Amino acid sequence: MAHVSFSSTFKFYNFYGQGGARLEANLSVYAKADNEPDENSWLFSLLDLLCFCAPSAHTGELKSIWVDDVINYARWKIFANKLGNEWNGFTIYSTVMLAVDVSFLAVPGVDAGHVGSQSVPTVATYMSLLSIIGSVLSSVLLARQNLAQEESAVGAATFMNRMTRWGVGCNALGIMFSLPFVLLMWAMISFLLALCYVIFQSTDRSSWCVMIPGAVLVAMLALLPVWWGRDYLGWLPRQPWVGKADPHQSNHNAGVIQAPGVV
């Protein structure tokens with residue numbers, strides 16, 4: 001009896017037998033109104049750039065999970081497990097960066113500011129430490145929240161409905177889920193600024209002739225993943241084949257069982 005009830009609910013939410021039936025799990029069956037505001041406002045676009053385009057990546061996944069106030073619980077579990085693994089990894093990286101920053105402050109000459117003031121490397125290292133603490137704290141809180149929402153489809157649907165009903169859609173969740181990564185990146189950038197200031201404040205030309213080419217080479221190698229992944233970042237040029245469906249690829253999304261959301 002329960003199987004028949006679930007099957008009927010599944011058909012009802014996907015407009016089974018109708019002309020506008022849902023053919024893929026990540027597609028909406030409702031047309032967007034002309035006066036409906038766009039979720040991707042200029043504010044979100046600015047925050048997305050400051051957050052290294054991590055929120056837009058999470059938002060894209062969330063929009064394929066939460067469609068028409070219906071949650072795809074199978075996809076949600078995969079997404080939640082992936083987030084948990086990422087946050088655990090960021091916690092380990094943050095711990096390493098915390099030790100590096102504290103050790104860097106103990107290097108002679110780093111805190112060489114005037115009396116009553118802090119030097120530029122010291123201030124940048126302090127900012128790195130604050131960002132690391134924020135990354136660890138957000139990772140712990142999000143991991144605990146994630147475990148609480150992963151227990152059932154109803155709990156996950158209730159969580160998504162509560163977080164997306166304020167008119168910002170999945171954008172707020174995308175920003176929140178990317179906080180551990182973003183804060184860790186800001187910590188690394190702050191530490192890099194402090195390190196570069198200590199290295200390049202020397203007036204020795206021979207040191208500059210060695211360090212500048214080395215720094216350029218390291219920067220190019222470090223940014224190679226960004227260049228290779230440019231097709232998935234909205235602010236970089238996309239290749240012409242990105243976004244086009246492969247006619248020889250079978251559709252694996254049709255028929256995915258969904259759990260009704262709380263509407």
Side-chain angles (χ1 to χ4, degrees), residues 2-3 5-15 22 24-30 32-33 36-41 43-45 47-48 50-91 94 133-184 252-253 255-263:
H3 174 73
S5 176
F6 180 79
S7 177
S8 301
T9 305
F10 172 76
K11 293 180 180 180
F12 173 77
Y13 275 96
N14 291 280
F15 287 10
R22 192 194 315 274
E24 296 187 18
N26 60 339
L27 298 180
S28 175
V29 295
Y30 301 102
K32 185 177 180 180
E36 185 177 351
D38 189 7
E39 294 180 0
N40 296 329
S41 62
L43 180 59
F44 176 77
S45 299
L47 291 175
D48 191 43
L50 294 176
C51 296
F52 311 100
C53 296
S56 59
H58 287 309
T59 302
E61 293 187 74
L62 287 169
K63 288 181 178 179
S64 66
I65 296 171
W66 181 250
V67 183
D68 297 337
D69 292 339
V70 176
I71 193 167
N72 188 320
Y73 187 56
R75 291 186 177 184
W76 170 261
K77 290 187 65 176
I78 296 174
F79 179 68
N81 290 332
K82 186 185 72 172
L83 284 179
N85 294 332
E86 287 183 358
W87 294 333
N88 291 334
F90 293 149
T91 303
S94 299
I133 295 173
S135 178
V136 173
L137 183 60
S138 60
S139 297
V140 172
L141 295 177
L142 287 172
R144 181 176 181 181
Q145 185 184 65
N146 187 40
L147 290 176
Q149 306 303 331
E150 194 180 349
E151 296 178 353
S152 66
V154 176
T158 304
F159 170 76
M160 289 295 299
N161 183 69
R162 184 175 68 250
M163 296 299 296
T164 58
R165 66 183 179 181
W166 300 108
V168 293
C170 298
N171 292 342
L173 276 177
I175 295 175
M176 185 176 69
F177 288 160
S178 63
L179 284 178
F181 166 76
V182 173
L183 292 174
L184 180 60
H252 298 286
N253 292 331
V256 177
I257 298 178
Q258 299 169 334
V262 178
V263 294

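Here, residue 1 is the first one in the sequence, and each next residue gets the next number. Keep in mind that what you see is a predicted model, and the values were worked out from it rather than measured.
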Just to verify, what does Glu86 make a side chain to side chain contact (heavy atoms under 4.5 Å, CB included) with, not counting sequence neighbours?
His58, Lys82, Leu83, Phe90
Name all residues meeting the side chain to side chain contact (heavy atoms under 4.5 Å, CB included) criterion together with Leu179; count only those two or more places apart in sequence or in a different chain, and write none if there are none.
Ser138
Check [X] against [Y] and note the closest heavy-atom contact, atom names and distance.
X: Ala157; Y: Ile71; value: CB-CG2, 3.8 Å
X: Val136; Y: Ser94; value: CG2-CB, 3.4 Å
X: Leu62; Y: Gly174; value: CD1-N, 4.0 Å
X: Pro180; Y: Ser135; value: O-OG, 2.9 Å
X: Ala54; Y: Asp48; value: N-OD1, 3.9 Å

Does any part of the side chain of [Y], heavy atoms only, come nearer than 4.5 Å to the side chain of [X], both counted from C-beta?
X: Phe159; Y: Leu173; answer: yes
X: Arg75; Y: Glu61; answer: no
X: Trp76; Y: Trp66; answer: no
X: Val67; Y: Asn72; answer: no
X: Thr59; Y: Phe44; answer: yes
X: Trp87; Y: Val140; answer: no

What is the distance from atom SG of Cys170 to atom CD1 of Ile175, rounded to the nearest 0.5 Å?
12.0 Å
OH of Tyr73 to CZ of Phe79: how many Å apart, nearest 0.5 Å?
14.5 Å
Ser178: partners by side-chain hydrogen bond (donor to acceptor under 3.5 Å, both in side chains), with sequence neighbours left out:
none
Would you find a donor on one side and an acceptor on the other, under 3.5 Å apart, between the side chain of Asn146 and the backbone of Leu142?
no
